[in-house]
Structure formats: structure tokens, C-alpha cells
Amino acid sequence: MDAPLPPRESAQFIAERSRDVFIDGGGVRRVAELLLAEASGPGLRLEGWKALHELNPQAADEAAVSWVFLTDTLNFSFWSESDEHKCLVKYRGRAYSGYWALCAAVHRALDQGIPITSASYYATVTLDEVRHIFRSDTEVSMPMMEERHRILNETGTILLEKFGGSFLNCVRKSENSAQKLVSLVVENFPSYRDVTQFEGKRVSFYKRAQILVADTWSVLEGKGDGCFTDISSVTMFADYRLPQVLVHLGALKYSDELLKKLRKGEMLSYGDRQEVEIRGCSLWCVELIRDCLLELIDRKSEKPNAEINSILLDYCLWDYARDHREDMKGIPFHRTRCIYY
């Protein structure tokens, strides 16, 4: 079987053939101009990952890498059926939703002495224990609990058998290459194989594998084992929230037919043509925004504090989506239940 196209090439291939999702060049430029104001601030700097998010590990050690591996292994499908009823996890006096509910639940478990970030623990953890660890403080449970349990057992077992129970050992095998680490993760851990078909080609997005590399780079502050010489080759992480913010900002447009379907709350299956177009065009759109932003920075001779890459753009746009959730209520996100995002 042919190897799938890498994420960037997959995105370009999809964007050039898309029927229901379109990239707006003027919108791309407007988003780049919006982000230009952030180019020297914490929102578009590596340090922002720790500084702006209290639940991210503040240390840069093996325990922090293990935390990142666990959370990104479970980093999928947090959307709620309604805004009024959602899974919330309370931690240190604050209620968290979505991905942050997962992070809060991990911290809560660790505070209670449950070694949830240890491969030897989650390789054999039971479904009842998983339900307890990731319990919601509302009547709405975290979605796909059985799948989370299965993936924890599978991933923990592989980590013990192949990498001595430590994801840092896997990181070290990458020899400071982000692309090599993506390949190692995808080859060794089945749940990270985010690959589908589009117009006769196998295409990949590798949302969780790429965010795992990005978060490893961030938690290790781009130093030592986390110094990836090709970090700028990692693309954005094709999920359901980024397309929504790109449509809200006018960089991405949907056909009337697709918009009507999304407004009705219709589910799109993983691998459906429209679902693939949404993810592929979003990814390619962010690549174009990055290129435009770098051009604007260069033109102003305004050197940012760190290299602007698609990882930092993704982090920044994802935070923007969270902070402007009320403004975006008229723009539906696409509903796909799967383990890949």
C-alpha cells in the first residue's frame, strides 16, 4: 500500500479539489494582519504555552513529557451536543470544559495519588477506573469513554514494550527531528494513525501526532530533547474548532449546502468528503496565513521574538476561538465523533 501524503501535501491536494470549502485570499490577509499585532507578544511565542495556560505543566522534565503524552493520547472529541449541557471538571475552584476538562481531571487524579500518567498504571487501568478519573461534575459525561479506556490500555502496553514505559525514550529516538518523531508515533501507536482517502489518494492529517510533537517542543521549551531542528515543518492541528474560527474570521468559506447541513447539526462521518475538505482546507489556510504573516513581518523589518510557525498560529487561533465563543455562535462547527480529533 502506498504511503499517505504528509499533512501539508494532503492539505494542498484537498484544497485544490475542494467543492464545498474554499479559502478566501482577502480573508487570509486580514487574519495575518490581525495576528501581526500578536507577533511580538506571548500569544505567538513558545513561552506562551506555559505562561498563558495554568493547567499545562510548568516543569521541563520527564514527568511533564509523560503528562503531555497522556493528554494528547486522549486529546479527541470533547464537543458537547449543546452549549447549555456540557461536561465540566472542577479543579482548584474553577470549572473547565472541553480539552481543559481532560487536563483538569488528570491534575485532580494526580493530586489524589492516582498515577494516571504512568504507563504501567494505564496499561491495565479498568473502564470503571477511567470513568472515575475522568468523571464530570455535571450530569454530562466526557464523550467516548470506552474508546478512551481501550486506547489507554493499548498505548500503555506499547509504551512499556517498546519504549521502557517512557515517552521521553521515544522522543530521544527522533534525534531532534519533529518529522521523525511524528513517524515514530504514527508507526508505533495505532490510535494516532489519522489517515483517510480523498479522490483516490491516501491523505493524512495526524492531528494528535503533530500536537504531541508540538506540545513536547513546548513543554521542553525547545531545548535539549525538545530542540527539533525542523519544527517549522509541523502544520496546524486539523480539528473542529479551528475551521470554525477561520470561517468566523473570513479566511474560510463554506458552500450554502454545507452551511445548511452544519446549521442543522448533521453529523459528518470521519472520511466523508465534506469532513475531509473542512480539515484539509483549514490546514492549507493556516499555511497561507503563516506565509502572509511572515511576509508582513519581513516588510516591516519587525523581527518577532521567536520564529513564527504553524504550531504557534494554531495555539493562538485556538485561544482566540475560546475567547470569542459568544461572537462565533452563528458559525457552526462540524460534528464528527472520532478518536482522531
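No experiment lies behind these values; they were computed from the predicted model shown.
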Exercise. Can you sort out the partners of Thr196 under side-chain hydrogen bond (donor to acceptor under 3.5 Å, both in side chains), two or more places apart, ordered by chain and number?
Key: none
Quiz item: Who are the side-chain hydrogen bond (donor to acceptor under 3.5 Å, both in side chains) partners of Glu84, not counting sequence neighbours?
Solution: none
Donor on one side chain, acceptor on other, [X] and [Y], under 3.5 Å:
X: Asp239; Y: Tyr340; answer: no
X: Thr73; Y: Tyr122; answer: no
X: Ser18; Y: Glu277; answer: yes
X: Gln210; Y: Thr235; answer: yes
X: Asp230; Y: Ser177; answer: yes
X: His107; Y: Asp111; answer: no

Exercise. Report the C-alpha separation of Val89 and Phe134 in whole Å, then their side-chain angles, then the decisive distance to 0.1 Å, and conclude whether the side-chain contact (heavy atoms from CB on, under 4.5 Å) test is met.
Key: CA-CA 8 Å; Val89 173; Phe134 297 107; over 6 Å; no
Quiz prompt | Distance under 6.0 Å and angle within 45° of ring axis: Arg241 vs Phe78 | solution = no
Quiz prompt | cation_pi(Arg208, Tyr192) dist<6.0 Å, angle<=45 | solution = yes
Quiz item: Got a sec, which pairs hit side chain to side chain donor-acceptor pair (under 3.5 Å) with one end in residues 58-70, sequence neighbours left out?
Solution: Glu62-Ser166
Quiz item: What pairs of residues pass the side chain to side chain donor-acceptor pair (under 3.5 Å) test when at least one of them lies in residues 284-296, not counting sequence neighbours?
Solution: Arg8-Glu287, Glu287-Ser310, Glu295-Arg299
Self-check item: Listed once per pair and sorted, the salt bridge (Lys or Arg N to Asp or Glu O under 4.0 Å) pairs that draw on residues 93-105, sequence neighbours left out
Solution: Glu54-Arg94
Quiz item: Given Asp20 and Glu257, is the side-chain contact (heavy atoms from CB on, under 4.5 Å) satisfied, shown in steps?
Solution: CA-CA 8 Å; Asp20 287 291; Glu257 180 202 335; 3.9 Å; yes
Quiz prompt | Nearest heavy atoms of Ser218 and Leu46, plus distance in Å | solution = CA-CD1, 3.5 Å
Self-check item: Atom NZ of Lys201 with >12 non-hydrogen neighbours under 6.0 angstrom
Solution: no
Quiz prompt | salt bridge (Lys or Arg N to Asp or Glu O under 4.0 Å) evaluation trace for Glu266 with Lys260 | solution = CA-CA 9 Å; Glu266 286 186 27; Lys260 187 178 175 184; over 6 Å; no
Practice problem: Report the C-alpha separation of Asn153 and His149 in whole Å, then their side-chain angles, then the decisive distance to 0.1 Å, and conclude whether the side-chain hydrogen bond (donor to acceptor under 3.5 Å, both in side chains) test is met. | Solution: CA-CA 6 Å; Asn153 285 173; His149 170 244; 3.2 Å; yes
Quiz item: ring-ring contact (aromatic ring centres under 6.0 Å, His included): which pairs involve residues 3-35, sequence neighbours left out?
Solution: none
Quiz item: So, the side chain of Ser204 versus the backbone of Leu5: is there a donor-acceptor pair under 3.5 Å, distance only?
Solution: yes
Quiz prompt | Mutual orientation of the aromatic rings belonging to Trp79 and Tyr240 [parallel < 30°, tilted 30-60°, perpendicular > 60°] | solution = perpendicular
